[in-house]
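This report concerns only the one structure given below.
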4 protein chains.
Amino acid sequence: MDAVSDIVSRILDAAAEEFAGQGFAGAKVEAIAKRAGVNKAGLYYHVGNKEKLYEAVMLRLFGQVAGAVEQAAVPGLSPGEALAALAEALAGLFSRLPMLPRIMALEMASGAANMPAAAMMEFRRIFGVTRGILARGQETGLLRPAEPVFVHLTLVGGMIVYSLSEPLRQRFAQVAQAMGMRTDMPVGEMGAFLAGVLTRGLAAEPKEGGA
Amino acid sequence: MDAVSDIVSRILDAAAEEFAGQGFAGAKVEAIAKRAGVNKAGLYYHVGNKEKLYEAVMLRLFGQVAGAVEQAAVPGLSPGEALAALAEALAGLFSRLPMLPRIMALEMASGAANMPAAAMMEFRRIFGVTRGILARGQETGLLRPAEPVFVHLTLVGGMIVYSLSEPLRQRFAQVAQAMGMRTDMPVGEMGAFLAGVLTRGLAAEPKEGGA
Amino acid sequence: MDAVSDIVSRILDAAAEEFAGQGFAGAKVEAIAKRAGVNKAGLYYHVGNKEKLYEAVMLRLFGQVAGAVEQAAVPGLSPGEALAALAEALAGLFSRLPMLPRIMALEMASGAANMPAAAMMEFRRIFGVTRGILARGQETGLLRPAEPVFVHLTLVGGMIVYSLSEPLRQRFAQVAQAMGMRTDMPVGEMGAFLAGVLTRGLAAEPKEGGA
Amino acid sequence: MDAVSDIVSRILDAAAEEFAGQGFAGAKVEAIAKRAGVNKAGLYYHVGNKEKLYEAVMLRLFGQVAGAVEQAAVPGLSPGEALAALAEALAGLFSRLPMLPRIMALEMASGAANMPAAAMMEFRRIFGVTRGILARGQETGLLRPAEPVFVHLTLVGGMIVYSLSEPLRQRFAQVAQAMGMRTDMPVGEMGAFLAGVLTRGLAAEPKEGGA
DNA sequence: CATGAATGAGCCTTCATTCAT
DNA sequence: CATGAATGAAGGCTCATTCAT
């Protein structure tokens, strides 16, 4: 009764997991089918193709991102609050869908070759939110001018790489501890850090001559 | 007369390129050999194995990163200058070796499964630089306390994802322009942005009561 | 409806032929597939592996040997009759399955490295028959004591090598004829010879004092 | 100062070992070279070819067999003594050159495809000895008529398979012991058993009514 | 002669994809 | 729709053999 049938949805879930783990080339259709609990031939019947499968996964994931981000963009917040809300929304997504940052990274690393055109549209929605926050902040004199792309990718890039680095941080944990560093903070904390740094770092310079 | 023979070096170059483009699974040994101008069997003669090849690439790349980063860490700089120097060093690397951020992302996305233990040691050197900057800044009262891992991954993550996103930004250029956004800035500019935001965002709060 | 599907059975036949002719290392999976009338990938689908294929062949062959040998061991025969029956059963097998002695020889020559543990059990059954004949013969005072392993390997070894030597004997035929020797007797005749020699050679020494 | 240079001799030794262990197809030229302590290219320089190498090994081995067998055939022995001497000579060979029975088996199993014509001549010498023993025994009325090929292959086949079966017997030892069978007798003992069985089994039937 | 470095051919194995049932 | 069974097209790796030095 869904937009996509239940089976297809299960297949997409399984595929997202596989693709995130092994990349497009490394993912095996057989494994995806098994994970989804369907026959390999059945998978082909429903999705048609490894490439189409990848595109469908991509589209659905970026749709989810765009949705979550837009929902976080409630009007009436200060720039700092808005950035924090955005970071929190992303952190929630990344926690619930650990394959998301991995797939985003893989896709970008591959030169966005398999990114379907439709998914590009979702990007527009996502970027729009950050841009809106900055624009309002500059209008109200609270933020200094800054390239939206830089700000957006600072936030998103920082969170993606922080999520991605989890296994690495775990392997690194012993050494890090000896250096007095913690490595096991949840993504949400990294999001809060980023929002804070950006808010303070982009704050308009205090107007001189306040005497 | 080199640590690695000329041919092996050529093979590693080719492999880095191929791995960055296709991921480990997607990279074809045949393609690497052709790119390096050697016979496939010759490649095996010199390197032994796809996996060993990958590890060698990894080790060399991270060694280069560690070297460049450490060279940028000249003593006597203010925290802001030091962060800027670090960002600049990374930007230089990423410009000269565009496959570097891609491989780093791929490796992390795969859970650092193939990361050789030796490469982990390089990480320690790299992290150490950021940690040193923060420690000195806090000692001198110029910086507020902050988790080194957060700071480091903000800088590195932002630059990696910015580099990675290049093809995406290009595909996005038309739409972005219509929204009044630039998308084609070089990595160095992103590095400068990150260093600035971090410097201001981590600056110690002005001590009240300075009368 | 068989224990092994028809196709697998055909594959095992083909494999036995190929392994017998070329040894494990020399046998080509492609050739086996072609002989069996299946696609190479199909062969892997059904059997999984060159090594597994070899083990399956081995298991089936030794099972056949054990079955035939046990069937020949009808109770109530004199030692001589029993040995003759055993030899005849082996001869029948070797005639019908000319690859059998060859595979047995190859496997033994390789140190029984690939012999599956299950096949070892079949050996027990096979040896058991010879041992039974000797035991009964000694109980009844018809046979002198003798190591079962020696007796068994005299019979089996003689027949294996006689079968194996067929091409050699053929190449040798001209020379042999000139020396007044026949070389083209069927295995059955060698079996009868061996049974006879063993029966007389193991006969209890005539008790003296027979008045 | 030898007929074959020292190096070639070392290569042939190494090759015999390798061929015995892996068969012709399974033997690796690289491994032979390493075993012989020469460079792979050097091996080719000296021997020319994997096939030629095999033939040379074969020729030398069968020459050794023929020599040992002929030396054992001293005139003036009774048939039983002669067979025992023959068996003993073979046992000595098989003990000193454990690869010998294995190579003989492999070669026969492969249909004697690679057997050089020159080696066939050695066979003639070998067969000649057994034939001589039988002929003299029949002339003197001590032995009944029997096909030389049968007798020869009983002796040689039994000893070859007994040697070959060593690893198998070892794996089988536990089970065998429980069945009250020994499995670890040296080849010499098997040779003595065979000579004894053949001598008694081929003895002329006692002439009736000799009064 | 000895050696490191090719190299073409081939082999085992996998995988995306299709088809008959 | 679901499934077991193909299958063509690679892809990783090895190996016998050859050269330049």
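Labels below follow one simple rule: chain letters A, B, ... track the order of the sequence lines, proteins then strands, and each chain is numbered from 1.
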Note: for E51(C) and G37(B) on DNA chain E, the residue whose nearest nucleotide lies more 5' is G37(B)

Set of residues satisfying side chain to side chain donor-acceptor pair (under 3.5 Å) with respect to S163(D), sequence neighbours excluded: none

Under a 3.5 Å distance rule, please check whether R102(A) uses its side chain to pair with a backbone N or O of Q22(A) as donor and acceptor. no

If the condition is side chain to side chain contact (heavy atoms under 4.5 Å, CB included), which residues does L59(B) pass it with, not counting sequence neighbours? A118(B), A119(B)

What would the secondary structure line of DNA chain E be in dot-bracket form, counting Watson-Crick and G-U wobble pairs under 3.5 Å, with [ ] for pairs that cross earlier ones and | for pairs with another strand? .||||||||||||||||||||

Outer limits of DNA chain F sitting under 4.0 Å from a non-hydrogen atom of chain B, read 5' to 3', are dG11(F) to dC15(F)

Sorted by number, residues from residues 15-35 of chain D placing a heavy atom under 4.0 Å from DNA chain F are A27(D), K28(D), V29(D)

Under the rule for salt bridge (charged side-chain N to carboxylate O under 4.0 Å, His left out), what residues qualify as partners of E30(C), not counting sequence neighbours? K40(C)

Please name all residues satisfying side chain to side chain donor-acceptor pair (under 3.5 Å) with R10(D), sequence neighbours left out, ordered by chain then number. none

What is the distance from NZ of K50(C) to P of dG10(E), rounded to the nearest Å? 16 Å

Sorted by number, residues from residues 38-47 of chain C placing a heavy atom under 4.0 Å from DNA chain E are K40(C), A41(C), Y44(C)

Approximate separation, where rounding is to 0.5 Å, of E18(C) CD and K34(C) NZ: 11.0 Å

According to the ring pair (Phe, Tyr, Trp, His ring centres under 6.0 Å) rule, which pairs have a member within residues 98-121 of chain A, sequence neighbours left out? none

Test of understanding: with salt bridge (charged side-chain N to carboxylate O under 4.0 Å, His left out), list the residues that count as partners of E55(A), not counting sequence neighbours. none

For the backbone of A112(C) and the side chain of R171(D), can you confirm whether one donor and one acceptor N or O come within less than 3.5 Å of each other? yes

Can M58(B) and I103(B) be said to form a side chain to side chain contact (heavy atoms under 4.5 Å, CB included), step by step? CA-CA 8 Å; M58(B) 207 58 66; I103(B) 288 200; 3.8 Å; yes

Which residues satisfy the salt bridge (charged side-chain N to carboxylate O under 4.0 Å, His left out) test with K28(C), sequence neighbours excluded? none

Candidate pair V57(C) and D13(C), rule side chain to side chain contact (heavy atoms under 4.5 Å, CB included), full reasoning: CA-CA 8 Å; V57(C) 167; D13(C) 285 347; over 6 Å; no

For F19(B), give me all partners under ring pair (Phe, Tyr, Trp, His ring centres under 6.0 Å), at least two apart in sequence or on another chain. F24(B), Y54(B)

